Number of protein chains: 2
Amino acid sequence: MAKQEWSTRDKMLELFMSAPDRTISGERLSAALNVSRTAIWKQIKALELNGFEFSATPRVGYRMTRVPDELIGPLVSPHLDEACRLGRRILWAPERTSTNDTAIELAHDGAVHGLVVTAARQTGGRGRQGRVWQSPAGGMWFSVLVRNPCALSQAGDLTLLASVAVHRALHESGVEAEIKWPNDILVDGRKICGILAQMRADGETVDYAVIGIGINANFHREALPPDVFDHATTILTECGQPVDRPLLLARILNQLDALYSNLAQGAGGFAAVREEWKTHAHTLGRTVHVRLGDTFITGYAEDVDERGVLLVRDHAGVRHELHSGEVLFSASEKL
Amino acid sequence: MAKQEWSTRDKMLELFMSAPDRTISGERLSAALNVSRTAIWKQIKALELNGFEFSATPRVGYRMTRVPDELIGPLVSPHLDEACRLGRRILWAPERTSTNDTAIELAHDGAVHGLVVTAARQTGGRGRQGRVWQSPAGGMWFSVLVRNPCALSQAGDLTLLASVAVHRALHESGVEAEIKWPNDILVDGRKICGILAQMRADGETVDYAVIGIGINANFHREALPPDVFDHATTILTECGQPVDRPLLLARILNQLDALYSNLAQGAGGFAAVREEWKTHAHTLGRTVHVRLGDTFITGYAEDVDERGVLLVRDHAGVRHELHSGEVLFSASEKL
């Protein structure tokens, strides 16, 4: 999708939302956005497929009559804390291959710190370890660009802190969740949110990171394919009602900005919020199977250290330090 | 520089080096490399500017009569350990903007683990923190591509281990050096080698890293500009004689491969060689000034922990954990 299309759509939404009840002529839109009237019409039709509604009056123009709770700038920004530097620019699209891919591309082209890329749907969403991430309409699919967030030695903190930010924001929105090491968010033992950070480092500094967050929000669990269904859930399924998605995004960005600002200022990364993480940890104090590439380790998940490393003691009493890997739970878990 | 040019040059060098005393006709070169005879002639001339010598006999062909000690595959590979997976493919060029830039570009295009990119000179070499890195002829300018080397939480180990590998290889080549935190190599208090790792991470895994290493080898210190001159030196200046550059490169790759293999297998990264690092550390046990962005910390450099973090106690007794930064020494140092 060309960049031109994003900016046209964004500017058009901004025009409509700055004057909610006004009818804007096709000529005016065409002139303001510097595109043809056919291009305007196409954008309107694309938006209508995503829950926006317009009344079109021939020879007069368009009026936006319904705005869905998509992750678009004008709906999110009223909820951002004054100090929050994240989300000051939000690029929404009805569909993207992957918000992370777009954000990385824009980062490469010089996009500013705090840019958030969102999409109503992803056609090629990815989870950790290259897995497919289902991203139907109704979910929250977004990526946050942070520049020079921390030293390379603290890079792992970025995802751990993101899981804390999402956990806090969900709590504010009335959703009680747990954190599965290293950074999945579960409700009732089932996955409701995944986080995939991608980054580029130069020397000892993280040049930029793109924090991709996917939340199964306002769709039913049954919308997911059978292989995902069993160990995933959604906010709508768990709470019986949809969540205000733009508000939840703003809350996540507010929390994330606070946590990342502390990290950048050396005021502590994961170590500073480790006790909070542990309080909500789904992983600790139980027997876990951890997949490390082709091998498995089974043992008791004792603790997470200051670096975010999972400490697992196996049946022979040997303690393993796990820097990465995937935790598969034993019998009691919903896999 | 187009990729076509690298492969033509590489293949041509391989042809000549596989039959050192043979004259190869222009037609044969042209056919084998699938380029014009003019292109062959241009490559020969470019090589001659870099110390290669050819005798050209009209209507018979070219014979290579002198091979300089450049970092080219056929000179390096005889010295690689059988198990070493690094340097099995070496792309040399008389001149590159930056070997790191080329290696990153090739990594993006799918280049294999262990690729080494070298250059006789760099026109846009960079050091840490975006500084210019002087790269005249006679030095060793190379970048090593490693794929999936370790977990993101261990990414900082890559540069620290590289400094250990270079230190060991220099020792094997008769050059006694010290390590300045985090990863500069000094001889007699002056910088002889810098390391710049750049990497891309996906989730908790380092997708790939490019380890750029620059060694002031076989040129005189006076070849460096005045602002660099004072705190830099070269192997030729310090030892009074040149070092065998292809052999030194192979030694570095052998050491690096061993250290990185252990890291990838979870057998310990920096923690495992920390004592060795400390034994050769220039930084510990003295008062240091450390620049952290715009601020400075002055204190006693007590230790480096398992993560490679420098622990500095300031005059008020407060201990600082330094994840990155630049150490500026006090009066006794050559700055």
Side-chain angles (χ1 to χ4, degrees), chain A residues 100 104 108 126-131 148 150-160 181-184 194-212 263-266 268-271 292-293 295 297 304-310 320-326, chain B residues 100 104 108 126-131 148 150-160 181-184 194-212 263-266 268-271 292-293 295 297 304-310 320-326:
Chain A
N100 263 30
I104 288 170
H108 192 74
R126 288 188 317 282
R128 293 168 52 212
Q129 307 180 337
R131 292 211 195 84
N148 303 307
C150 61
L152 177 59
S153 56
Q154 297 175 298
D157 289 8
L158 291 171
T159 41
L160 291 161
W181 182 86
N183 51 32
D184 287 343
I195 299 169
L196 178 68
Q198 295 182 277
M199 63 194 74
R200 206 179 64 180
D202 225 49
E204 303 94 69
T205 307
V206 176
D207 186 20
Y208 66 77
V210 165
I211 317 295
L263 181 65
Q265 288 157 20
F270 181 69
L292 286 166
T295 62
I297 287 174
V304 164
D305 74 11
E306 292 188 351
R307 299 167 293 170
V309 170
L310 183 64
H320 300 266
E321 290 195 357
L322 304 181
H323 291 265
S324 68
E326 187 189 8
Chain B
N100 263 29
I104 288 170
H108 192 75
R126 288 188 317 282
R128 293 168 53 213
Q129 309 180 336
R131 292 210 196 85
N148 302 307
C150 62
L152 177 59
S153 56
Q154 297 174 296
D157 289 8
L158 291 171
T159 40
L160 291 161
W181 182 86
N183 50 34
D184 286 344
I195 299 169
L196 177 68
Q198 295 183 278
M199 63 193 74
R200 206 178 65 180
D202 224 51
E204 303 94 70
T205 307
V206 176
D207 186 20
Y208 66 77
V210 165
I211 316 297
L263 181 66
Q265 288 158 19
F270 181 69
L292 287 165
T295 61
I297 288 173
V304 164
D305 74 11
E306 293 189 351
R307 297 167 295 170
V309 171
L310 183 64
H320 300 267
E321 291 195 355
L322 304 180
H323 291 266
S324 68
E326 187 189 9

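Below, chain A is the first sequence line, B the second, and so on; all start at residue 1. Every value quoted in this text rests on a predicted model; they were computed, and no experiment measured them.
For the atom pair CD (B/Gln198) and CG (A/Asp202), the distance works out to 4.0 Å, reported to the nearest 0.5 Å. Taking CG from B/Leu160 and CD from A/Glu204, the interatomic distance works out to 8.0 Å, rounded to the nearest 0.5 Å.
No side-chain heavy atom of B/Asn148 sits under 4.5 Å from any side-chain heavy atom of B/Val206.
Applying side chain to side chain contact (heavy atoms under 4.5 Å, CB included) to A/Cys150 and the options A/Thr205, A/Leu158, A/Asp157 leaves one that passes, A/Leu158.
Contacts of B/Asn183 with chain A are made by side-chain atoms alone, with heavy-atom separations under 4.5 Å and no backbone atom involved. For B/Ala155, the parts lying near chain A are the backbone and the side chain together; criterion is any non-hydrogen pair under 4.5 Å.
Note: A/Ala201 leads A/Ser153, A/Gly156, A/Ala201, A/Ala151 in heavy-atom pairs under 4.5 Å with chain B.
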